Amino acid sequence: MTFKPIRKAVFPVAGLGTRFLPATKAMPKEMLTVVDKPLIQYAVEEALEAGCDQIIFVTGRGKGALEDHFDVSYELEATMKARGKSMALIEGIRQKPGSPVYVRQQEPLGLGHAVWCAREIVGDEPFAVLLPDELMVGEPGFLKQMVQAYEKVGGNLIGALEVAPAETDKYGIITPGKVDGALTEVLEVVEKPTKGTAKSNLMTPGRYILQPEVMKILDNPVTGAGGEIQLTDAMAQLIGKQPFHGYTFDGRRFDCGDKAGWVQANLALALEREDIGPAVRGFAQKLLA
Ligand code: G1P
């Protein structure tokens with residue numbers, strides 16, 4: 001069976017980033033770098049690698065740096081060319097004309113509301129959602145692995161990773177059914193279950209392949225956990241009506257929405273770099289000795 005390909009990738013990037021203040025007072029949190037690349041670029045590259053060719057940012061006030069990052073930078077390019085510097089690190093970022101597409105989420109009403117703001121652009125196609133503060137490192141990337149699984153099972157797929165049981169109240173939590181390799185049947189998904197009520201420790205880490213019907217459900221939103229319109233609640237209504245699987249990523253996850261996770265990502269990726277790895281390793285060893 002062939003399923004409609006996943007061409008569109010939605011990036012909810014309107015969040016205020018209060019957890020990273022003061023860094024994010026005048027700068028989008030998605031522009032925080034891991035070593036020398038902003039979080040948003042890691043996520044966009046993951047989507048492009050997975051075959052998505054339309055990048056959709058659900059953005060808001062004060063997020064202009066995101067738009068500029070994927071645009072031409074005449075001054076920079078002209079100066080670098082004149083100085084004979086390599087353009088490799090900036091040319092690849094620029095997207096094809098007409099992409100990304102930007103839609104605005106005027107009010108921070110929740111992830112479900114953010115995704116719904118992209119409904120006119122998504123139209124009647126299955127689409128991906130990526131949360132850029134979840135940095136996924138693997139080969140191939142998380143979304144590509146999910147697309148490969150989607151090509152076999154279709155329907156809806158959400159990332160599924162184990163977390164410590166004490167952390168389940170921070171995430172969307174899956175009630176798992178049958179397991180087949182990396183795929184887990186999803187029987188139920190609950191947003192931020194109150195402590196002691198989670199049915200498993202399988203959380204959903206911000207990678208989704210969804211059918212367009214979820215937008216119809218979001219047309220009539222309900223207020224969920226934290227007083228927000230939750231994507232998880234809308235997705236949950238598709239279970240039983242369409243195939244619905246969790247996909248366990250073969251790779252590493254860094255929660256860069258959290259300061260410790262973001263520092264860990266910087267350290268881990270810096271240590272792997274040929275250019276700076278040895279210097280960082282030597283310093284870290286001295287520091288910890
Ligand atoms: C969001 C989702 C949640 C998911 C999490 C992953 O929560 O609502 O289901 O598990 O991202 O990071 P948030 O971090 O926005 O509270």
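No experiment lies behind these values; they were computed from the predicted model shown. For ligands, and for the atoms within them, numbers begin at 1 and follow the listed sequence.
- F283 is linked by a ring-ring contact (aromatic ring centres under 6.0 Å, His included) to nothing, counting only residues two or more places apart in sequence or in another chain.
- Considering M203, Q230, E191, K192 only, the shortest heavy-atom separation from atom 16 (O) of ligand 1 involves K192.
- Checked against ring-ring contact (aromatic ring centres under 6.0 Å, His included), H113 has the following partners two or more places apart in sequence or in another chain: W116.
- Counting only distance, with no hydrogens or angles, the side chain of D255 and the backbone of E134 share no donor-acceptor pair below 3.5 Å.
- Between F3 and Y150, the ring-plane angle classifies as tilted under the 30° and 60° cut-offs.
- Side-chain atoms of R207 never come within 3.5 Å of backbone atoms of F142 as a donor-acceptor pair (strictly under, hydrogens ignored).
- Within the 4.0 Å heavy-atom criterion, the part of L131 lying near ligand 1 is the side chain and not the backbone.
- For atom 6 (C) of ligand 1, the nearest non-hydrogen atom from the set K170, E134, R207, R19 belongs to E134.
- Geometrically, ligand 1 and P205 share no nitrogen or oxygen pair separated by less than 3.5 Å.
- Among all non-hydrogen protein atoms, the one lying nearest atom 4 (C) of ligand 1 is T204 O, 3.1 Å.
- For atom 14 (O) of ligand 1, no protein non-hydrogen atom is found at a distance below 4.0 Å.
- Each of the atoms 9 (O) of ligand 1 lies under 4.0 Å from some heavy atom of T232.
- Contact check on K63 versus E30 returns a salt bridge, with a Lys/Arg side-chain nitrogen under 4.0 Å from an Asp/Glu carboxylate oxygen.
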